[in-house]
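Quick notes on the structure that follows.
We're numbering straight along the sequence, starting at 1.
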Amino acid sequence: MADKVFVKAMVFAPAPAVYRAMTTELSLSTWFAEHVDVRLDDGRFEFWGRHTPFGDVPRQTNVSAEPGGRLRFDWEMEGVSTAVEMAVRGTAGGDTTVSVRHEPVPFWGFDRASMNDFWGIAVGNLANFTEGRTLAPRPDYTVPCEETAFATIVVDTSAEDVFSVLLDPAMIDKWLPSQSVVEPWEGGRYEFGWDHGPMTVVDIEAPHRLAYTWHNDGWPDTLVSWELDEEQEEGTRINLRHSGFVDGRPSDGYQLGWQNLLINLQRMVEIGERWKAPQWRHR
């Protein structure tokens, strides 16, 4: 069984700058991979290390590039040869669309959606890097899964501004595609339009703490906890913990998913009305 992954997002920087960030070693080692060896003239685009799935050795071959536009390579994953195409395209307004296609992606490690989140985090960090924003931490695939998923990011605004976004259904529905319902008091509903069943606020202290249950049929309820800490120079750090995974259910996919979503939240708040949620799909 395999997946096809597609991610597309807007970057508010010129296309040549985005392509350089996508194809030069110094940039890639900052926003993408721990180790990079890039010599496109020689057909080499290798990345590996702890921020790369199956990253014990470089596994990229058959590299081709259209300068300023496209990069293609094969990536061996669990004995399967997969194909990746990364493309940049300038807009009339001087911004850039970035897209990634990756197929066939085998089911691996934790769950199939996680490869989509891997590329979502990568594209979000590419955008933040070229726009001069704070990067999200890159996942470490050498660390065994734990019973708590953790994600964090810094948003260049006040804790009050961030907290208001967490309580506003119209704003939630932009960065977390859903039809949300929020009752901002202990015992109130905190639900999305997905088939998650009952979810309840268990702790709220504006503008620093929010916690609610997370329900999936067939599994014990888990807990999502937000902590907002203002930092004088950087803005507000969000620390998110999703805890209570038991009976062998891994937290890895949730950790990647939340980190991907926190980048969306950061970019929505900092960019404002120009920001649009990235397009993504896997099948």
Open item on the list: Pairing donors with acceptors under 3.5 angstrom, does anything connect the side chains of T82 and H102?
Closed with: yes
Task: hydrophobic_cluster_shared for W31 and V7, side chain cutoff 4.5 Å - done: yes
- [ ] Check whether any side-chain N or O of E76 sits under 3.5 Å from a backbone N or O of G79 as a donor-acceptor pair, and report yes or no.
- [x] yes
Task: Flag side-chain contact, heavy atom, 4.5 Å: K8 against F6 - done: yes
- [ ] Please determine which of I204, L210, V202, V181 meets the side-chain contact (heavy atoms from CB on, under 4.5 Å) test together with Y190.
- [x] L210
TODO: Return yes if a side-chain donor-acceptor contact under 3.5 Å exists between D156 and Q266, otherwise no.
DONE: no
TODO: For residues W214 and W258, establish whether the separation of their ring centroids is below 6.0 Å.
DONE: yes
Task: L256 reachable from V224 in the ILVMFWY side-chain graph, under 4.5 Å edges - done: yes
TODO: Output yes when R59 and D56 qualify as a salt bridge under the 4.0 Å nitrogen-oxygen rule, no when they do not.
DONE: yes
Task: Heavy-atom side-chain proximity of D221 to T200 below 4.5 angstrom - done: no
Open item on the list: I'd like to know whether the aromatic ring centres of H208 and W226 sit less than 6.0 Å apart in this structure.
Closed with: no
Open item on the list: With rounding to the nearest 0.5 angstrom, report the CD to CZ distance, Q60 to F45.
Closed with: 7.5 Å
Task: Minimum-distance pair of heavy atoms, taken over all atoms of V18 and V11 - done: CG2-CG1, 3.8 Å
TODO: Using modelled atom types only, decide if a donor and an acceptor are shared between the side chain of W119 and the backbone of S114 within a distance under 3.5 Å.
DONE: no
Task: Side-chain ion pair, E131 and R267, N-O less than 4.0 Å - done: yes
- [ ] For residues F73 and F47, establish whether the separation of their ring centroids is below 6.0 Å.
- [x] yes
Open item on the list: I want to check something: taking the side chain as every heavy atom from C-beta on, are T222 and H242 in contact at a cut-off of under 4.5 Å?
Closed with: yes
Task: Heavy-atom pair with the smallest gap, counting every atom of L228 and F163 - done: CD2-N, 3.7 Å
Open item on the list: I need the H51 NE2 to E34 CD distance, nearest 0.5 Å.
Closed with: 5.5 Å
Task: Side-chain heavy-atom pair W175, L261 within 4.5 angstrom cut-off - done: yes
Open item on the list: What's the separation between atom CD in E85 and atom OG in S99, rounded to the nearest 0.5 Å?
Closed with: 6.5 Å
TODO: Give the cluster check for F54 versus V80: same hydrophobic cluster or not, with ILVMFWY residues linked at side-chain heavy-atom distances below 4.5 Å.
DONE: no
Open item on the list: In this structure, is the centre-to-centre distance between the rings of F32 and F129 below 6.0 Å?
Closed with: no
Task: Euclidean distance, L265 CG relative to N260 CG, rounded to 0.5 Å - done: 12.0 Å
TODO: Take V162 and I238 through the side-chain contact (heavy atoms from CB on, under 4.5 Å) test and state the conclusion after the steps.
DONE: CA-CA 9 Å; V162 176; I238 300 173; 3.7 Å; yes
Open item on the list: Which heavy atom of A211 sits nearest to which heavy atom of L223, and what is that distance?
Closed with: CB-CD1, 4.3 Å
Open item on the list: Strictly distance-based, threshold 3.5 Å: is any side-chain N or O of N128 a donor or acceptor partner for the main-chain N or O of T134?
Closed with: yes
Open item on the list: Quiz question: by atom type and distance under 3.5 Å, do the side chains of S178 and D173 form a donor-acceptor pair?
Closed with: yes
Task: Whether T96 side chain and A15 backbone form a donor-acceptor pair below 3.5 Å - done: yes
Open item on the list: Once you measure the plane-to-plane angle for F245 and Y254, does it fall in the parallel (<30°), tilted (30-60°) or perpendicular (>60°) bin?
Closed with: tilted
- [ ] Report yes or no: does D42 contribute a side-chain atom to a donor-acceptor pair with the main-chain N or O of R44 at less than 3.5 Å?
- [x] no
Open item on the list: When you compare the side chain of T52 with that of Y141, does any pair of heavy atoms fall below 4.5 Å?
Closed with: no
Open item on the list: Show, in sequence, the C-alpha distance, side-chain angles and deciding distance for M115 and M77, and conclude whether the side-chain contact (heavy atoms from CB on, under 4.5 Å) test is met.
Closed with: CA-CA 11 Å; M115 202 63 213; M77 305 180 74; 3.8 Å; yes
- [ ] Evaluate the side-chain proximity of M268 to M171: yes if any heavy-atom separation is below 4.5 Å, no if none is.
- [x] yes
Open item on the list: How close do T236 and A159 get, counting heavy atoms only, and between which atoms?
Closed with: OG1-N, 3.0 Å
TODO: State, yes or no, whether a side-chain contact exists between V57 and W48 at a heavy-atom distance under 4.5 Å.
DONE: no
Open item on the list: So, taking the atom named OG in S64 and the one named CZ in R72, what distance separates them when rounded to the nearest 0.5 Å?
Closed with: 5.5 Å
Task: Verdict with reasoning, E191 to S180, per side-chain contact (heavy atoms from CB on, under 4.5 Å) - done: CA-CA 5 Å; E191 299 177 1; S180 57; over 6 Å; no
Task: Least distance between heavy atoms, A9 atom then V123 atom - done: CB-CG1, 3.7 Å
Task: Distance-only polar pair, side chains of N239 and T152, donor-acceptor under 3.5 Å - done: yes
Task: Same apolar cluster: I263 and V154, side chain cutoff 4.5 Å - done: no
TODO: Decide yes or no for T91 and M10: does some side-chain heavy atom of the first lie under 4.5 Å from some side-chain heavy atom of the second?
DONE: yes
Open item on the list: Between R237 and E227, does any NZ, NE, NH1 or NH2 come within less than 4.0 Å of an OD or OE carboxylate oxygen?
Closed with: no
- [ ] Consider only side-chain heavy atoms of I, L, V, M, F, W and Y, link residues closer than 4.5 Å, and tell whether L240 and F150 are in one cluster.
- [x] no
- [ ] Over all heavy atoms of both residues, which pair between V5 and V105 is shortest? Give the atoms and the distance, please.
- [x] CG2-CG2, 4.2 Å
Open item on the list: Assess the residue pair T23 and L40 against the criterion (side-chain contact (heavy atoms from CB on, under 4.5 Å)); give the C-alpha distance rounded to whole Å, side-chain angles, the decisive distance to 0.1 Å, and a yes or no.
Closed with: CA-CA 8 Å; T23 55; L40 293 181; 3.9 Å; yes
Task: T148 OG1 to R241 CZ distance, which is reported to the nearest 0.5 Å - done: 8.5 Å
Open item on the list: What I want to find out is whether D37 reaches R39 closely enough, with some N-O distance under 4.0 Å, to be called a salt bridge.
Closed with: yes
Open item on the list: Side chains of S27 and T24 only: does a donor on one sit below 3.5 Å from an acceptor on the other?
Closed with: yes
